[in-house]
There are 2 protein chains.
Amino acid sequence: MERWTPLVLRELLLGSHHFNQLRRGIPQMSPTLLSKRLQTLEEAGLVSRQSGDNGHWEYHPTQAAMEAWPIIDAMGYWGHKWARSQLTPDELHAGRLMWNMRRSFDLEHVPCDFVLYIEIADARQKRWWFVVKRKEADLCWNDPGFEVDISLYASMVTLVQVFIGDQPLLRACELGKIEIDGPNHLVKSMPAWFPRSKYAMRRLLAADQVLAS
Amino acid sequence: MERWTPLVLRELLLGSHHFNQLRRGIPQMSPTLLSKRLQTLEEAGLVSRQSGDNGHWEYHPTQAAMEAWPIIDAMGYWGHKWARSQLTPDELHAGRLMWNMRRSFDLEHVPCDFVLYIEIADARQKRWWFVVKRKEADLCWNDPGFEVDISLYASMVTLVQVFIGDQPLLRACELGKIEIDGPNHLVKSMPAWFPRSKYAMRRLLAADQVLAS
DNA sequence: CGGTATCCCCCGCGATACTG
DNA sequence: CAGTATCGCGGGGGATACCG
């Protein structure tokens, strides 16, 4: 399996259907290569490319691709558990982290709609906005113009550690690694909705079961 | 993930610990590359290389590798279901098929110890012997000298079709695709112990469940 | 915004030969 | 038998520029 292929499939299976959605999900991959990969996947019967309403292509996973989910998922879980420590700083790409966080808000525990601003001091692109609503969370690369309700300042590594469950959000705050500004009721509720990798959740559940047994 | 890597891991996880066992499991891979792969896997923390009793190396999967089994297994299952029809004749390697069959005898349903001879008319290496005992089945590349109890003649594709469950053994016999020589009680019992891919079994079980629901 | 064409380098991999 | 060294090619993939 060639480079990037699992990530492309993952993005497709998680609901990215347009070229630039896929790009946002895999920012380190060149558009040339993404285009080529999509062609290859189409020829292999994993992607169907349909003409969308606006004259552009829409990419959808085929049945074969959907049934490849157990592979992708197992790879994600394994990588989360075993490849994590080998992450080099330049592999920590802010855009990719944000894009993954976008998918991981626990919308059921969001107390109200709000705008979350995140500033990452040591990232190339430092400023990010999430527009969080009951039914979905949107990610913005530029100031969307809405008033910011809650702001968060942290380094890249800290954010990653929290996201993948290596460090609880509250602990990072106590250590001064994360600074948060916002109204009390929103700040208090953060642990309930702040995005965390599904693999982190799964590990916590596994740990709970061990403890409960 | 580079080429061959999943297959190397699979062999390791299924119990091949010596260089030449691995080679037999992946005969299309050059020894140079296998050696290199094993080094890479060692550096990646997936393989531990220990000095064996006879002065040679022994390769063992680490914990990380063992936990990669769900990935390998899912890939195997997916490949069995979706990549099967794309098999080109020159990918059908007799040695690889025999090596996989060796692992798949249903020893619980073997009525007695026996020697099975298989002749594949259109393979490079045509003659193969299995020495089947209650506790294990051995594969021989050359005549082991024991008396042959049951002989089987077939083409490469037929054997593959039967192994992967595309065609029942009995059906292939009726169609004259397989010829069998041996004592009646052994021949009758063949469907019970004749090797079939575990993925074929899994699909049959799944089909059964659908039918039963 | 949504892709594609071109160029070029590097290295993955196959083949062959060689060593203890 | 159990590997390792060397060589050469082909193509995967990164960078950049380009088109509608």
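None of the values given here were measured: they were computed from a predicted structure. Below, chains carry the letters A, B, ... as their sequence lines are ordered, and counting in each starts from 1.
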*side chain to side chain donor-acceptor pair (under 3.5 Å) partners for Ser155(A), two or more places apart*: Thr158(A)

*Among pairs that include at least one residue of residues 137-153 of chain B, which meet side-chain hydrogen bond (donor to acceptor under 3.5 Å, both in side chains), considering only residues two or more places apart or in two chains?*
none

*Heavy atoms only: give me the nearest Gly182(B)-Val187(B) pair and the separation to one decimal.*
O-CG2, 3.6 Å

*Of all nucleotides in DNA chain D with an atom under 4.0 Å from a non-hydrogen atom of chain B, which is the first and which the last going 5' to 3'?*
dC1(D) to dT6(D)

*Opening and closing nucleotides of DNA chain C in contact with chain A, under 4.0 Å to non-hydrogen atoms*: dC1(C) to dT6(C)

_Residue list, salt bridge (Lys or Arg N to Asp or Glu O under 4.0 Å) with Arg202(A), at least two apart or on another chain_ = Asp73(A)

*Listed by chain and number, what are the salt bridge (Lys or Arg N to Asp or Glu O under 4.0 Å) partners of Lys81(A), not counting sequence neighbours?*
Glu67(B)

What donor-acceptor contacts under 3.5 angstrom involve side-chain atoms of residues 159-168 of chain B, with partners at least two apart or in another chain?
{"unit_1": "Gln161(B)", "atom_1": "OE1", "unit_2": "Gln167(B)", "atom_2": "NE2", "d": "3.0"}
{"unit_1": "Asp166(B)", "atom_1": "OD1", "unit_2": "Arg84(B)", "atom_2": "NH1", "d": "2.5"}

*Could you list by number each residue of residues 15-25 of chain B showing a heavy-atom separation from DNA chain C of less than 4.0 Å, or answer none if no residue does?*
none

*How about Trp99(B) and Glu11(B): does a side-chain donor come under 3.5 Å of a side-chain acceptor?*
yes

*Answer with yes or no whether the side chains of Thr5(B) and Arg37(B) bring together a donor and an acceptor at under 3.5 Å.*
yes

_Closest approach of Arg10(B) to Ile72(B) (non-hydrogen atoms, all atoms of both residues)_ = CB-CG2, 3.7 Å

*Who are the salt bridge (Lys or Arg N to Asp or Glu O under 4.0 Å) partners of Arg96(A), not counting sequence neighbours?*
none

*Is there a residue in residues 31-50 of chain A whose heavy atoms reach under 4.0 Å of DNA chain C, and which residues are they?*
Pro31(A), Thr32(A), Ser35(A), Arg49(A)

*asked:* For the NZ atom on Lys133(A), are there more than 12 heavy atoms of other groups (residues, nucleotides or ligands in this structure) within a distance under 6.0 Å?
replied: no

*Considering heavy-atom distances to DNA chain D, does Trp4(A) or His56(A) have its closest nucleotide positioned more toward the 5' end?*
Trp4(A)

*Decide whether Glu58(A) and His56(A) meet the rule of one side-chain donor and one side-chain acceptor closer than 3.5 Å.*
no

*End axis versus end axis in the helix from dC1(C)-dG20(D) to dG20(C)-dC1(D), the angle rounded to 10°, five pairs used at each terminus*: 40°

*Matching residue for Phe114(B) among Phe130(B), Trp129(B), Trp193(B) - test: ring pair (Phe, Tyr, Trp, His ring centres under 6.0 Å)*: Trp193(B)

Report, one line per pair, each donor and acceptor closer than 3.5 Å where one atom sits in a side chain of residues 38-46 of chain B; sequence neighbours left out.
{"unit_1": "Thr40(B)", "atom_1": "OG1", "unit_2": "Lys36(B)", "atom_2": "O", "d": "2.9"}
{"unit_1": "Glu42(B)", "atom_1": "OE1", "unit_2": "Arg49(B)", "atom_2": "NH1", "d": "3.4"}

*Looking only at heavy atoms, what is the nearest atom pair of Pro111(B) and Arg134(B), with distance?*
O-NH2, 2.9 Å

